[in-house]
Structure formats: structure tokens, C-alpha cells
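FYI, side chains are in, hydrogens and waters are out, and symmetry mates aren't considered; it's all heavy atoms of this structure.
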Amino acid sequence: MNYTESRSQSIRRKTREVMVGTIGVGGSNRIRIQSMTTTDTCDVDATVAQSIALAKAGCEIIRVTAPNMAAARALKDIREKLNAAGVRNPLVADIHFLPAAAMEAVEHVEKVRVNPGNYADKKLFKEHEYTDAQYKEELERLHEAFSPLVLRAKELGRSLRIGTNHGSLSDRILSCYGDTPLGMVESALEFVRICESHGFHDIILSLKASNPKVMIQAYRLAVAKMTEEKMDYPLHLGVTEAGDGEDGRIKSAIGIGSLLYDGVGDTIRVSLTEDPVNEIPVAYQIAEIAERLWAGAQYGEPERFHDGIDPFCFKRRNIIEMDLANACLVSDALPPRVVLPLNKKITDAEACVAMLDALARQFRDNAAEAVLLRLEDAGEIDGMEAHLGKILSRTNAVFLHIGGSIKAVQLRTINEMIASRVILVPEQAGTEAVPEWLRLAQETACRIALSFEQITHLDDTAIWDVEKKLVAYGSTERFFPHKQHPVGCYRILAEKLKKDFNTPVPIWLRARKESMILASDNNEQCLLEDAILLGSLLCDGIGDLVSIENEKDPAMALPLAYNILQGAGARVSKTEFISCPSCGRTLFDIQSATKIIREQTGHLKGVKIAIMGCIVNGLGEMADADFGYVGGAPRKINLYVGKKIAKVGVPQERAVDELIAVIKEHGRWQEKQS
């Protein structure tokens with residue numbers, strides 16, 4: 001099954017155009033930007049005001065929840081008041097449980113979103129065994145319940161979004177497919193087939209999850225399945241319950257950006273637990289990264305290569321174990337290691353030590369497990385061992401960028417103890433000089449890091465002799481000189497290495513002036529691109545050491561690397577939060593609650609806490625969370641341990657304290673260190 005034209009080039013998937021009011025989605029249209037109001041839909045004036053603010057911020061399609069008939073009827077007044085204000089942006093009614101609300105909403109808005117897991121399905125979270133006949137009966141029941149909306153949408157010229165959520169799959173789907181990406185896809189396609197049976201094709205699909213890996217796999221699988229069934233519907237991308245702040249932006253960039261890099265996606269929504277207006281610039285920046293790649297790609301026939309990575313099922317790439325010293329191993333059984341570029345020469349040893357000491361105090365649990373330094377000319381070799389000794393007293397290993405004038409033979413006298421913790425990076429060495437560096441690794445304790453370009457020109461047997469002393473890195477610093485995008489470059493590298501040897505692969509994100517596709521100094525854009533490049537590879541199982549350069553503030557590269565690793569599910573270094581972005585269904589002030597909970601519990605490394613405005617996606621989306629903080633009634637909170645309710649109806653004023661008490665009861669609490 002294929003989900004993309006090429007895993008090394010950014011070629012946009014061809015889809016049909018679906019009109020949402022006057023806005024075309026898919027086809028040759030640019031990526032469309034969406035968001036959702038967080039007001040009570042029945043408060044028409046507040047919802048209109050927030051919709052106008054979203055439109056002014058650049059939101060092209062605005063979603064409004066319609067959880068009941070009163071809210072569905074309010075959509076009529078909201079549409080009329082927006083028209084009177086000159087705001088023609090199409091509205092989308094968000095429907096979960098009530099077909100009657102959908103039938104009312106479709107009369108007033110340009111598009112209706114239905115959640116297949118909730119629409120016309122009872123949600124009991126019980127497992128059943130279905131015979132073929134019973135399953136067919138269930139599908140016939142769905143057909144009967146959903147068809148009136150399809151027919152009315154067709155008659156009125158509306159569009160529909162079939163929006164599957166990982167957290168709200170029906171009992172039928174869970175019983176037959178499990179809580180899996182395949183279950184998400186089948187849930188959506190059941191409803192698509194009902195639409196097609198009525199000759200209705202104005203459909204957009206989404207398959208969202210709070211876990212970027214699950215979300216990426218679900219969309220890839222959906223495209224592959226649709227291709228098999230000759231479907232070409234556009235896709236709405238999003239990581240649901242992504243959270244707030246940097247973490248929410250990182251998770252969204254990983255999930256959305258990874259798919260856009262592969263040419264998959266037509267409209268996007270960044271779900272942040274913040275004012276929805278804040279989502280719009282983030283979405284535009286992610287979209288611009290992809291659109292520049294799509295526009296800049298120069299290709300004829302798409303390049304295809306045999307890619308051993310299974311895009312539908314995550315598996316970490318197998319590698320040879322490498323010891324960085326002090327019990328710091330690089331291994332596929334361990335999380336990726338973090339390498340900090342200090343942007344300093346080896347002669348700046350005292351400054352390097354001071355910086356590492358300061359970082360150790362500031363980021364107690366997030367250490368620089370190795371550092372990158374520069375050896376620029378032969379005159380620095382004489383005092384090299386003394387400088388390295390000082391730096392190695394603060395970290396496990398040193399990657400040493402070697403200046404172009406330095407030859408491999410000049411480093412043969414390096415002390416064996418020091419050499420065993422040094423990885424030489426002869427970046428400027430031409431392909432003719434690489435064998436000399438390999439020979440140095442073979443005959444001394446040194447290890448070598450070679451680039452994709454250097455390895456490509458080598459005979460495999462030349463590498464085999466030093467396999468256990470070699471790491472290989474790709475290009476993430478600019479448009480790759482061939483046709484590949486940076487992620488594709490690493491995929492090709494991983495495939496080449498897989499043939500005969502499995503050396504570790506570091507992912508180095510280079511300095512902004514070279515690496516930014518957007519060529520910008522905007523910090524948020526830098527963060528988003530780093531998250532896309534690094535997160536995409538980690539979600540493919542590639543990457544054993546990670547490093548992010550930040551010329552303006554090298555120290556901030558360290559927490560960013562750890563945060564991207566956590567966002568991709570590759571390494572846990574702090575509390576994991578799953579928090580929904582809020583909407584008219586939210587039963588408490590989720591933005592302030594999320595901020596307080598993060599402040600009080602953000603030091604609980606390895607603990608996962610779900611903060612959900614209501615139970616629509618609650619139990620499913622927080623299925624692997626340790627603890628849940630879920631709206632049960634207006635300003636009343638239900639607390640969960642896993643999927644089981646621990647406390648019901650806790651007033652919001654006491655709920656955070658009660659959550660901490662529950663965490664303590666289950667032995668997961670730690671006091672915050674000063």
C-alpha cells in the first residue's frame with residue numbers, strides 16, 4: 001500500500017476539490033486554515049465576536065459546536081449576524097451525539113462535521129463479539145441514521161466532514177479493530193461509503209489523535225485505503241488535545257508537518273489550549289513550510305526507492321550499540337541521546353565548562369549527554385587533550401567538527417583514553433580523503449561521523465571494517481542538492497545503512513541561517529521547523545542522537561531537543577499533558593485550569609495527565625493517561641485514574657488539590673526540587 005508519491009520528495013497528493021461555501025479545499029487550492037470557537041454557542045453575540053476575531057486573524061473556515069438542539073438553532077442567528085458584519089467565512093457545525101442537531105445545523109451552515117464514533121452510536125465502552133450478520137445489521141442501522149443528513153446536505157449544496165477521533169471510536173469499531181489507526185480508518189470509511197451510496201462526494205476526512213505517531217499512521221493508512229478504493233477526498237489534518245504553549249506547538253508541528261512533508265493534507269487546524277486566535281499564525285507557518293517545499297520541488301518522474309520502514313506501524317530502527325562512556329549507551333533499546341552544539345572552538349574549554357555547569361543547574365534532569373565543538377586548524381591540536389579533558393569532566397562525549405585544513409594523520413597521537421570518548425566529524429573532507437579518516441578510526445580509539453554525501457560515494461566494504469566506530473548523518477540544513485527533502489534524505493540514508501550495517505544515526509539541525517526553509521529569524525518558525533524535521537524522523541523510528549543548533553542562545557537548544565523528543569513519544573523527560581483546546585461543550589475554564597495543573601504537576605517526570613473539557617473524547621483520548629481531570633458538569637470535575645473514576649463532581653476550586661491527592665494516593669507524587 002502506498003500513501004505518497006515519494007518518501008524522499010515532497011509531492012502533493014492529488015485530491016478532488018470540495019467547496020465549503022465559497023472556499024475550495026483540496027484540488028489546486030492552497031492549504032486552508034481552520035479554527036474553532038470556544039464560546040457557548042447559545043451566547044450568539046459572544047460566538048459572533050469570537051468568529052469575527054478569528055476571521056480578522058486569517059482563519060478561513062470557522063467551526064462552532066452544536067451539542068444540542070438549542071445550539072444548532074442558534075447557528076441561524078450566528079450566520080445572519082456574521083453576514084451583516086460582512087464576515088462571509090464559512091461556518092462548520094460540530095456534531096457528536098445528536099442526528100437531530102445535525103439536521104437542524106445543516107440548514108444554517110456551509111458544512112457539518114460528524115464524529116462517526118458518536119453519531120447514532122451508543123457509547124458504553126463495552127466489548128462485543130459480532131457475527132458477520134450482526135455487523136451487517138449495525139451498518140444498515142448506521143445507513144438509516146446517517147442518510148437523511150447526507151441527502152439534505154446534497155440538496156442544499158453543503159459539504160460534510162467525516163471526523164474520526166482516536167478517543168471516541170464506537171464500541172463496534174473497538175470490538176472489531178481495537179483502539180488502532182486501522183479502527184480509525186474503518187470508522188471513517190463506513191460513513192464515506194454511505195455518502196457514496198447516495199452519489200454524494202463533497203466530503204473531507206479527518207483522523208485525529210493526541211498522540212502524533214497514532215495520528216500520522218492513521219492518515220497514511222487512510223490515504224492508502226482510499227487509493228485502493230479509488231477515493232480522492234481531501235484531508236483535514238490536526239493533532240487533537242495537543243495542549244498549550246511550546247508543547248502544543250511542537251506536537252501539532254510533528255503530526256501535521258510530517259504529513260505535509262509527504263504531500264498529504266489540504267486543510268489544517270492547530271488545536272491549542274489557548275485563545276483560538278493564537279492557533280492561526282501557527283497554522284499559517286506550518287502551511288508555509290510545506291507549500292514552499294511543494295512549490296520548490298523540481299522533479300520529473302517521482303523518485304522511488306525501496307523503503308524498509310513500515311509507515312503504518314512504528315518500529316525503532318535497529319542499530320549497533322555504541323558506548324559514549326560513563327554508562328551512556330546509544331542503543332535502539334534506549335531513548336535517543338541529546339547532543340548540545342556549544343558553537344565554540346575547542347580552545348574555549350573554560351567557557352564550555354561554565355556553560356555546562358550553568359545548564360546542569362538550570363535543567364537538572366535534562367543533561368547534555370554529549371557536546372559539539374570545533375577544531376578549526378592544526379595549531380589547536382597541541383593543547384587539544386587538555387581542553388578535551390576539562391570538557392569531558394562535564395559530559396560523556398565530544399563530537400569534534402574538524403576544519404578542512406586538518407588531515408587525519410595529524411590526529412594519530414591523540415591519547416587513547418580521550419580518543420575513546422571523541423567522535424571526529426571531518427565535515428569538509430572530500431570523498432577522496434574519507435578513507436583516511438576511516439583508517440584512523442580502524443587503527444585508533446577514535447570514532448568517526450560521516451555525512452550522507454560522504455557515505456554515498458564509499459564502497460560498503462570500506463565502512464564494514466569500522467562499523468562499530470561509525471555514525472552516519474544526513475542533511476537537514478537546506479534544500480538537499482538532489483531532489484529529496486531533508487526527511488527524505490535521512491530515509492534514504494537509513495535504507496542504505498540497513499543493507500549491510502546498522503550504525504547509529506545522529507540528527508543534526510543546523511544553524512538557522514542555513515537551515516530555515518522560511519529563511520526567517522522568527523523564533524516560533526524556527527521551533528516549528530525543528531519539530532517537523534526532527535519529529536518526522538523520530539516517528540519513522542530514525543534518530544539515535546539529536547542535536548539542535550541555536551546561534552543566538554545555544555543553551556535553549558537543550559530543552560527544545562528534549563521537548564521535541566517528548567512530543568514525538570521518543571523520550572520522556574517531564575510530565576506529559578493531554579489537554580483539549582476547549583469549545584462550547586467545555587464545562588469549566590480549561591485554559592486557567594491547564595496552566596495551574598502544569599505549574600503544580602509539571603515536575604512529575606513520566607506521569608501523563610489528561611485535562612478534558614468534557615467526556616466527548618475523554619475516556620478514549622486519555623486511555624493511556626495515568627490521571628484524568630474531566631468536566632462532568634458545569635464547574636464540576638470528575639477525576640480519573642486510568643479509565644476509572646476516582647472522584648465525581650469535585651468543585652473546580654478544589655479540583656487541582658484533589659487531583660494531587662489522587663496522584664499521591666497512587667504513589668506517583670514527588671516533591672518539587674528547588
Side-chain angles (χ1 to χ4, degrees), residues 1-20 23-34 60-61 159 161 185 201-208 212 215-239 252-270 283-305 307 311-312 479-480 482-492 517-518 528-529 532-533 535-537 539-540:
M1 294 189 298
N2 291 323
Y3 75 95
T4 180
E5 284 286 316
S6 171
R7 293 243 314 153
S8 66
Q9 297 169 252
S10 199
I11 302 174
R12 188 178 185 181
R13 172 177 169 255
K14 295 177 182 176
T15 67
R16 68 173 58 230
E17 181 184 55
V18 172
M19 297 302 298
V20 182
I23 300 289
V25 176
S28 60
N29 294 289
R30 60 181 173 78
I31 298 167
R32 299 300 189 179
I33 307 302
Q34 304 198 26
E60 296 173 285
I61 300 172
S159 58
R161 170 155 74 97
V185 173
H201 301 284
D202 292 325
I203 309 165
I204 297 170
L205 272 67
S206 66
L207 303 101
K208 296 187 180 183
M215 173 261 195
I216 291 167
Q217 290 166 21
Y219 278 101
R220 288 173 174 176
L221 191 56
V223 173
K225 291 278 189 182
M226 283 197 288
T227 301
E228 284 185 342
E229 298 191 32
K230 305 275 192 299
M231 297 175 181
D232 59 355
Y233 299 112
L235 292 173
H236 168 129
L237 304 185
V239 176
S252 295
I254 291 171
I256 297 170
S258 298
L259 291 161
L260 292 176
Y261 251 63
D262 284 336
V264 173
D266 304 280
T267 178
I268 65 175
R269 189 260 172 118
V270 173
Y284 270 105
Q285 289 170 92
I286 293 173
E288 188 177 358
I289 290 170
E291 287 175 338
R292 290 211 179 190
L293 273 176
W294 295 349
Q298 300 294 323
Y299 49 79
E301 183 67 21
E303 180 176 272
R304 295 184 175 89
F305 66 99
D307 189 351
F312 310 114
F479 282 110
F480 197 61
H482 304 300
K483 297 183 292 186
Q484 298 86 11
H485 55 63
V487 174
C489 166
Y490 267 91
R491 288 169 175 167
I492 294 171
I517 287 173
L518 298 181
L528 295 173
E529 188 186 271
I532 293 171
L533 292 176
S536 297
L537 292 164
C539 288
D540 263 0

Taking only residues two or more places apart in sequence, or in another chain, which ones meet Asn29 in a side-chain contact (heavy atoms from CB on, under 4.5 Å)?
-> Glu17, Arg32
Judged by atom type as modelled, is there a donor-acceptor pair below 3.5 Å linking the side chain of Glu529 to the main-chain atoms of Ile289?
-> no
Report the residues that fulfil salt bridge (Lys or Arg N to Asp or Glu O under 4.0 Å) with Asp540, sequence neighbours left out, ordered by chain and then residue number.
-> Arg7, Arg220, Arg491
Assign the ring pair His201 / Tyr233 to parallel, tilted or perpendicular, where the plane angle (0 to 90°) is split at 30° and 60°.
-> parallel
OH (Tyr219) and NE2 (His236) are apart, to the nearest 0.5 Å, by 6.0 Å
Atom pair CG (Asp262) and CZ (Arg13), whose distance is rounded to the nearest 0.5 Å | 12.5 Å
Inter-residue atom distance Met231.CE - Ile203.CD1, 0.5 Å rounding | 8.0 Å
Shortest non-hydrogen contact from Ser10 to Gly263?
-> OG-N, 4.4 Å
Give a yes or no answer on whether the side chain of Asp202 reaches the backbone of Val18 with a donor-acceptor pair at less than 3.5 Å.
-> no
All side-chain hydrogen bond (donor to acceptor under 3.5 Å, both in side chains) counterparts of Thr267, not counting sequence neighbours = Gln34
Can Ile204 and Asp266 be said to form a side chain to side chain contact (heavy atoms under 4.5 Å, CB included), step by step?
-> CA-CA 9 Å; Ile204 297 170; Asp266 304 280; over 6 Å; no
Just by modelled atom types, is the Gly27 backbone N or O under 3.5 Å from a matching donor or acceptor in the Thr15 side chain?
-> yes
So, for Leu221 and Val185, which heavy atoms are closest and what is the spacing to 0.1 Å?
-> CB-CG2, 4.0 Å
Atom CG in Leu235, atom CG in Leu259: separation rounded to 0.5 Å?
-> 8.5 Å
